[in-house]
**Q** 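Sending over a structure as structure tokens; questions will come in a sec.
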Amino acid sequence: QVHLVESGGGSVQAGGSLRLSCAISGAISSRTCVGWFRRAPGEEREAVASLNTDGRNRYLDSVKGRFSISKENDILYLQMNNLKPEDTAMYYCVADQGCWEGPPALFRWGRGTQVTVTS
């Protein structure tokens with residue numbers, strides 16, 4: 001199965017930047033799409049950014065203009081600039097064998113990397 005390992009999280013002051021990385025390995029099909037989710041304590045998880053087969057990268061409204069998703073070879077990145085305290089969350093790399101068109105039960109999750117943004 002797909003194996004995902006995130007790295008790059010940490011603690012930064014508001015306005016700072018972080019770049020998250022996700023090493024992707026295992027069974028990857030042509031329908032596998034990848035992206036980033038996050039979950040703050042006591043909150044529901046939300047999609048932050050995703051790569052799609054239609055050539056369009058999609059972003060959560062609150063991160064547009066600040067975050068950028070990209071992929072080079074088997075590494076997925078999330079560049080996060082101008083971080084805000086509300087960005088504090090556990091960030092997860094996610095792979096979906098249905099490329100966002102199938103059931104979420106097909107999602108594969110990394111263990112997550114913590115991002116903490118202080119005021």
Side-chain angles (χ1 to χ4, degrees):
Q1 295 184 338
V2 178
H3 188 220
L4 309 168
V5 180
E6 302 96 333
S7 62
S11 180
V12 298
Q13 294 183 2
S17 298
L18 284 173
R19 187 176 71 167
L20 306 183
S21 300
C22 174
I24 305 169
S25 62
I28 305 295
S29 74
S30 61
R31 291 292 297 168
T32 300
C33 291
V34 292
W36 293 92
F37 281 64
R38 70 185 183 186
R39 177 176 56 82
E43 303 291 337
E44 296 184 49
R45 63 177 179 263
E46 58 186 354
V48 178
S50 63
L51 299 179
N52 303 92
T53 56
D54 61 4
R56 296 168 55 196
N57 297 339
R58 294 177 171 84
Y59 296 92
L60 183 68
D61 283 345
S62 62
V63 309
K64 288 180 178 178
R66 299 188 297 118
F67 290 13
S68 179
I69 187 171
S70 63
K71 183 174 180 291
E72 297 181 17
N73 297 318
D74 295 326
I75 308 296
L76 181 70
Y77 298 99
L78 184 67
Q79 179 67 47
M80 305 184 295
N81 298 324
N82 192 25
L83 284 161
K84 303 176 180 180
E86 52 263 43
D87 294 317
T88 295
M90 184 72 75
Y91 284 72
Y92 299 90
C93 180
V94 180
D96 180 13
Q97 293 178 314
C99 199
W100 320 122
E101 297 179 357
L106 295 176
F107 289 5
R108 296 287 294 177
W109 300 78
R111 292 185 62 187
T113 184
Q114 178 67 40
V115 172
T116 301
V117 185
T118 60
S119 300

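We use all heavy atoms of the structure for the numbers below, so side chains are in, but hydrogens, waters and symmetry mates are not.
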**Q** For Ile69, does its backbone N or O pair with a side-chain atom of Tyr59 as donor and acceptor, under 3.5 Å?
**A** yes
**Q** Keeping the roles fixed (side chain from Glu6, backbone from Gly112), state whether a donor-acceptor pair exists under 3.5 Å.
**A** yes
**Q** Please check this pair: side chain of Trp109 against backbone of Leu4, looking for a donor-acceptor N/O pair closer than 3.5 Å.
**A** no
**Q** Trp100 and Asn52: side chain to side chain contact (heavy atoms under 4.5 Å, CB included), yes or no, with the steps?
**A** CA-CA 8 Å; Trp100 320 122; Asn52 303 92; 2.9 Å; yes
**Q** Testing the basics here: between Ser7 and Thr113, what is the closest heavy-atom pair and its distance to 0.1 Å?
**A** C-OG1, 4.2 Å
**Q** Stepwise, does the side chain to side chain contact (heavy atoms under 4.5 Å, CB included) test hold for Arg66 with Asp87?
**A** CA-CA 11 Å; Arg66 299 188 297 118; Asp87 294 317; 2.7 Å; yes
**Q** Measure the CG-OG1 distance between Leu83 and Thr116 for me, rounded to the nearest 0.5 Å.
**A** 10.5 Å
**Q** Starting from the C-alpha separation in whole Å, work towards a yes-or-no answer on side chain to side chain contact (heavy atoms under 4.5 Å, CB included) for Val48 and Phe37.
**A** CA-CA 5 Å; Val48 178; Phe37 281 64; 5.5 Å; no
**Q** Same cluster for Val117 and Leu18 if Ile/Leu/Val/Met/Phe/Trp/Tyr side chains link at under 4.5 Å?
**A** yes
**Q** Decide whether Arg31 and Gln97 meet the rule of one side-chain donor and one side-chain acceptor closer than 3.5 Å.
**A** no
**Q** Shared ILVMFWY cluster between Leu76 and Val63, side chains joined below 4.5 angstrom?
**A** yes
**Q** Rounded to the nearest 0.5 Å, what's the gap from SG on Cys22 to OH on Tyr91? Could you check?
**A** 15.0 Å
**Q** Enter the distance from Met90:CE to Arg111:CZ here, rounded to the nearest 0.5 Å.
**A** 9.0 Å
**Q** State, to 0.1 Å, how close Ala23 and Ile75 come at their nearest heavy-atom pair, and which atoms those are.
**A** CA-CD1, 3.8 Å
**Q** Report the distance from atom OG of Ser21 to atom NZ of Lys71, rounding to the nearest 0.5 Å.
**A** 13.0 Å
**Q** With a 4.5 Å cut-off on side-chain heavy atoms, are His3 and Ile24 touching?
**A** no
**Q** Donor-acceptor pair, distance only, cut-off 3.5 Å: does the side chain of Ser68 make one with the backbone of Gln79?
**A** no
**Q** Any luck finding a side-chain donor-acceptor pair between Tyr92 and Arg39 under 3.5 Å?
**A** yes
**Q** Looking only at heavy atoms, what is the nearest atom pair of Val2 and Ala95, with distance?
**A** CG1-CB, 3.9 Å
**Q** Out of Val115, Leu20, Leu60, which one pairs with Arg38 under the side-chain contact (heavy atoms from CB on, under 4.5 Å) rule?
**A** Leu60
**Q** Heavy atoms only: give me the nearest Pro85-Ser119 pair and the separation to one decimal.
**A** CG-OG, 3.7 Å
**Q** Find the distance between CG (Asp96) and SG (Cys33) and round it off to the nearest 0.5 Å.
**A** 7.0 Å
**Q** Look at the side chain of Ser50 and the backbone N and O of Gly35, then say whether any donor-acceptor pair between them is shorter than 3.5 Å.
**A** no
**Q** Quick one: pull up CG in Leu78 and CH2 in Trp36 and give me the separation to the nearest 0.5 Å.
**A** 6.0 Å
**Q** Which pair of heavy atoms, one from Lys64 and one from Asp61, lies closest together, and at what distance?
**A** NZ-OD1, 3.0 Å
